[in-house]
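Worksheet: the structure to be examined is printed underneath.
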Amino acid sequence: MSNIIGLINYGIAGNIHSIKKAVEKAGGTVKIVNNKDELNSVDKIVIPGVGSFKDAIQELQKSGLLDALKAAATTKPTLGICLGMQILSTLGFEYGKTKGLSLINAEVKPMIVDAKVPHMGFNKIDVVKSNRLLNDLENEEFYFMHSYEVVNYTNIVALTEYEGHKFVSSLQQNNLYGVQFHPEKSREAGIKLFKNFIEL
Amino acid sequence: MRTRIIAKLDVKPPFVVKPVHFEGLRKIGLPVDIAKKYYKQGADEVMYIDIVASLYQREILLDEIEKAANELFIPFGVGGGVKTIDDFSKLFHAGADKVILNTYAVQENPDVINQAAEIFGNQAVVINIEAKKWEDWYECYTDCGRIQSGKDVIEWAKEVEQRGAGEILLQCVDTDGRQRGFDIELAKRVVESVNIPVVVASGAGSLEDIKELVEYAKPSGVAIASLLHYDKFTIKDIKEYLKNNGVEVSK
């Protein structure tokens, strides 16, 4: 069975280089997805995450990927990373209110915490519901780099604590996975996560 | 919060160099080799600054950056001579996760901070401040401590936060490369005047210097160059020492 990982390229804001590298290091085959047709030819999807919520949705719209991605993410195993997880939500509040892909019932709001924001650096994840993506990664540290967080109550897989504030660091709904941290920037633990994703 | 230990590479292409007071360069090695070495030692991040791009008014060279990025599975911040949104874009495509900006923003067009933050997100925009101490204030310098800006460090730090910068890299012209300790008063003042993370560079000469800085000024990260370049200590040594002295670091 073919197992091609499609990496969504949404214009200037996507940081696809480092994710491609990490997936390949984990043994995966990567195809950069720039349009609808290319999306059809991949088996799994990774939505990367650098940029702002508003800009990401606009770029997806421009490239004609928005609706196609929305449909594909319900059938193919999909991993959203950082902003790529956030845009799975219903609504985002970064630079105004923006409608998300609405695949997960959640909203994306600024982190309210009595500490420095963005939350930046390695931090632990507390797996509250085990799944195959986070298999054997329960005690690992991952790299976080974000100012916004996903507010959700029904699909939480892992939580992370930042200076007394707990937020959602991983989500799952059927084949749809999201991580707030950057596995591509999290040393060997991140490579292992991609391995798990490839083996799903 | 775990204090980040960051390896800082000052690059005069094609070599990583170590300026003393931002002057007198010593060659250390190729960026790709040095970056990989610190990654393996357990660095939480690598910062790469092309220290002559801005001074020579040429574009930052992408080749060395891409090569180094290929070896790293940790965040990689890159700067030097950055001006336009197109520069940001090129660096991200070469493998940078954060872009480090100084001269153009402080001397010519601070609006570039707002534009970049809106497109790439706050977390991707790092402002490099090169502080120079005067009798009762600190002034922002640019081009490796060569050119004055007339801007007050504390005011500028607050302004870049307002404009959407996600992080500050605080360097100090007076202490850089001397390995005689940080300007911890400067660090504390900057850390306390903004709500975004501040990474402090310039001055680590011993493990005690780093501990003193972290305990006194509570920066989000410490950027280390000379101490590592001359193999006085490894990142692992630094983390172990900090951990044994009650400072939380990543493993």
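Here is the naming used below: chain letters follow the sequence lines, and residue numbers restart at 1 for every chain. Side-chain atoms are counted along with the backbone in the values below, which use heavy atoms only and exclude waters and symmetry mates.
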Which bit of B:A43 comes within less than 4.5 Å of chain A, counting heavy atoms only: side chain, backbone, both or neither? backbone
Under 4.5 Å, counting heavy-atom pairs only, tell me which of A:E161, A:Q58, A:K116, A:M145 racks up the most with chain B. A:K116
Could you tell me whether B:K37 and B:D231 have a side-chain N and a carboxylate O separated by less than 4.0 Å? yes
Positions in residues 239-251 of chain B that reach chain A, provided some heavy atom is under 4.5 Å away: B:K239, B:S250, B:K251
Short side-chain donor-acceptor distance under 3.5 Å, A:Q86 and A:E149: no
Please check if the number of heavy atoms outside A:N105 that lie under 6.0 Å from its CG is greater than 12. no
Counting only heavy atoms closer than 4.5 Å, note whether B:D97 contacts chain A via side chain, backbone, both or neither. both
Centres of the A:H182 and A:Y143 rings: under 6.0 Å? no
Can you tell which of A:M120, A:K124, A:E163 has the highest number of heavy-atom pairs within less than 4.5 Å of chain B? A:M120
Taking atom types as modelled, find out whether B:R163 and B:N114 have a side-chain donor-acceptor pair closer than 3.5 angstrom. yes
Which residue out of B:E118, B:Q123, B:E167 racks up the most heavy-atom pairs below 4.5 Å with chain A? B:E118
Do the ring planes of B:F120 and B:F88 sit parallel (below 30°), tilted (30 to 60°) or perpendicular (above 60°)? parallel
Checking side-chain polar atoms at under 3.5 Å, does A:N3 have a donor or acceptor matched by the opposite partner on A:D43? no
Best-contacting candidate, A:V117, A:N123, A:L83, against chain B by heavy atom pairs under 4.5 angstrom: A:V117
Between the side chains of A:N196 and A:K192, is a donor N or O closer than 3.5 angstrom to an acceptor N or O? yes
Examine A:K21 relative to B:F73 and say whether NZ or CZ is less than 6.0 Å from the centre of the six-membered ring and inside a 45° cone about the ring axis. yes
Top contributor to chain B interface from A:H146, A:K25, A:E188 [non-hydrogen pairs under 4.5 Å]: A:K25
Do A:K31 and A:S41 have side-chain atoms, one donor and one acceptor, less than 3.5 Å apart? yes
Does either side chain, that of B:Q171 or that of B:K8, offer a donor lying less than 3.5 Å from an acceptor on the other one? yes
Is the gap between the ring centers of B:F92 and A:H17 under 6.0 Å? no
Part of B:E161 within contact of chain A (heavy atom distance under 4.5 Å): neither
Look at the rings of B:Y38 and B:H229 and say which category their plane angle falls in: under 30° parallel, 30 to 60° tilted, over 60° perpendicular. parallel
If only side-chain N and O atoms count, and only distance matters, is there a donor-acceptor pair under 3.5 Å linking A:D55 with A:S52? no
How about residues 207-224 of chain B versus chain A: which residues have heavy atoms under 4.5 Å apart? B:S220
Does any backbone or side-chain atom of B:A117 lie under 4.5 Å from a heavy atom of chain A? Answer side chain, backbone, both or neither. both
Side chain, backbone, both or neither: which part of B:K90 has an atom under 4.5 Å from a heavy atom of chain A? neither
